[in-house]
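First up is the structure itself, then whatever we jot down about it.
Just so it is clear, the values below take in all heavy atoms, side chains as well, and ignore hydrogens, waters and symmetry mates. Computed from a prediction, not measured in an experiment: that's the story for all the values here.
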Number of protein chains: 2
Amino acid sequence: MDDALDALVARLVDLSAVERDGTRRLPPERELVAQLDMSRGTLRERLSQLESLGILDRRQGHGTYLRSPGASVVRTTFTLMGALGGLRPDQVDQAREMLEIVTTVEAAKLATTGDVAELGRLTDAMIVATAAGDHEAGLEADLAFHRHLVTIVGNPILDVLQDGLAGMLRDTLAARRAKALRTETPAADGTYRTDTVHRQIVAALAANDADAARIAIRLHFDHHDAVVGSTDDDA
Amino acid sequence: MDDALDALVARLVDLSAVERDGTRRLPPERELVAQLDMSRGTLRERLSQLESLGILDRRQGHGTYLRSPGASVVRTTFTLMGALGGLRPDQVDQAREMLEIVTTVEAAKLATTGDVAELGRLTDAMIVATAAGDHEAGLEADLAFHRHLVTIVGNPILDVLQDGLAGMLRDTLAARRAKALRTETPAADGTYRTDTVHRQIVAALAANDADAARIAIRLHFDHHDAVVGSTDDDA
DNA sequence: AGACCAATGTGGTCAGACCAATGCTCGACT
DNA sequence: AGTCGAGCATTGGTCTGACCACATTGGTCT
């Protein structure tokens with residue numbers, strides 16, 4: 001099944017035309033039917049598969065567009081796994097934590113001064129937002145921080161996994177962050193340890209010190225776990 | 001799109017019947033059409049989506065069966081990502097390595113004496129097979145070893161990711177292992193370091209020593225990388 | 001009893017029509 | 001001239017009913 005779909009994707013890429021905004025648009029289904037020599041029903045079945053794999057985007061009255069498969073697949077996969085039983089939210093959380101630990105360690109080896117500057121900026125934004133009581137923006141900056149760590153490593157697989165898992169957990173993460181901030185007593189200068197732990201990560205990356213990064217990111221999670229009481233602890 | 005599919009899956013689970021071998025079998029499509037009040041074409045489109053997500057298994061002349069989504073989704077996703085460009089084999093390899101590092105560390109915290117015994121058994125099998133020149137069996141035991149580490153952690157997400165990535169990399173892994181064994185000079189007792197590194201991992205798990213496990217698994221990869229010359233190195 | 005073959009049940013494909021949403025065009029009105 | 005709205009064309013979404021291909025089952029012939 002996979003190889004056939006594979007071949008189909010290749011032909012579709014050929015038949016697609018590039019729009020002005022850079023997206024690749026497929027010919028209408030009725031035309032594809034002629035060029036691919038199959039019935040519309042069969043074609044639509046294949047397109048549905050590709051759509052569910054995140055490779056296509058179909059919009060009624062608009063057209064069908066190619067796109068790079070992304071986090072959506074991972075998210076739907078695990079969502080449906082959850083629907084079928086056998087997948088608890090804390091397991092998703094655990095997987096994400098494990099992923100972020102290695103990501104951070106790997107990023108520490110590769111971070112450039114530009115990356116460090118960007119991460120510093122995001123940390124500042126987070127602290128400012130939190131101090132101003134805008135927890136929505138704080139969460140956003142928090143997520144952006146971790147997303148940038150993934151970017152540094154530059155591995156598309158991590159991208160997909162991180163986005164997918166974090167996307168699933170968005171509500172959970174928001175709740176965790178809120179609870180941590182609510183429970184915690186801010187320091188003298190009004191900052192929260194929940195936020196300032198990020199500075200340690202940035203420092204480790206600035207020094208390209210993988211060990212320090214590992215310790216810092218674990219502190220990050222241990223702190224949350226201790227406050228919120230999540231999954232398991234660390235050695 | 002996801003929520004609609006979600007609901008459909010729930011109804012399908014209701015309509016399915018349990019076979020004697022424990023698998024859940026769906027009614028024939030023509031009957032589903034009546035019970036779900038949609039046309040067969042539309043139903044088939046949905047079923048195709050679920051199949052591509054690894055939730056269904058359709059066999060012509062046989063029937064349609066429910067199954068837990070598994071590694072296949074991850075594998076096809078990343079395979080198609082590769083087909084669309086933007087995903088190199090070494091990136092898959094890197095992701096797998098990163099995943100195995102955290103998996104091993106986590107497993108060290110949770111391993112029981114039974115797990116340790118099983119891992120010891122697999123290591124023995126691997127060493128014996130290698131000594132006998134049966135590299136196929138050696139690879140098999142090697143893969144089983146790492147698969148059991150995932151089992152110890154007991155997180156279905158890791159299961160899926162590990163299986164998916166290792167499945168994609170099967171040929172690559174075989175080549176790496178073969179080259180490592182070919183290049184390496186065996187010790188006095190005829191064992192290879194490629195194999196014996198596993199003993200260090202087992203020892204770390206027996207002591208529930210997460211730090212030792214991390215060091216051991218990194219040695220494992222560093223060794224391979226040094227011999228074969230793969231992706232990046234370690235700090 | 002064994003081998004062969006036909007009937008049946010199942011998913012896979014095909015064909016043509018109609019429905020529904022989107023965006024554009026062109027005309028009426030201000 | 002500008003603006004708003006009705007209508008039209010395009011495109012994906014659904015329905016119907018027929019036929020094809022594969023797998024199992026049971027009967028029939030040797």
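Of the side-chain N and O atoms in Arg58(A), none sit less than 4.0 angstrom from OP1 or OP2 of dT11(D). The phosphate of dG12(D) has neither OP1 nor OP2 within less than 4.0 Å of any side-chain N or O from His62(A).
Looking only at distances, no side-chain donor or acceptor of Thr23(A) sits under 3.5 Å from a matching main-chain atom of Glu19(A). No donor-acceptor pair under 3.5 Å is formed between the side chain of Glu31(B) and the backbone N or O of Pro28(B).
For DNA chain C, the residues of residues 38-48 of chain B within the heavy-atom distance limit of 4.0 Å (strictly under) are Arg40(B), Arg44(B), sorted by number.
Remark: dC24(C) base-pairs with dG7(D). Criterion, Watson-Crick or G-U wobble with two distances under 3.5 Å. The partner of dA1(D) is dT30(C), judged by Watson-Crick or G-U wobble contacts that both fall below 3.5 Å.
With rounding to the nearest 0.5 Å, the separation of CD1 in Ile157(A) from CG in Leu165(B) is 5.5 Å.
Nearer to the 5' terminus of DNA chain C, by closest-nucleotide assignment, is the contact made by Asp37(A) (compared with the other of Gly61(A) and Asp37(A)).
Taking only side-chain atoms of Glu29(A), from C-beta outward, the nucleotide of dG12(D), dT22(C), dG11(C) with the closest atom is dG12(D).
Ion pairing between Arg96(B) and Asp93(B) holds under the 4.0 Å rule for side-chain N and carboxylate O.
Defined by atom type and a distance below 3.5 Å, a donor-acceptor pair is missing between the side-chain atoms of Ser48(B) and Arg46(A).
A donor-acceptor contact under 3.5 Å links the side chain of Arg30(B) to the base of dG11(C).
In this pair, Phe221(B) and His146(B) present their aromatic rings parallel. The plane angle is below 30°, not in the 30 to 60° band.
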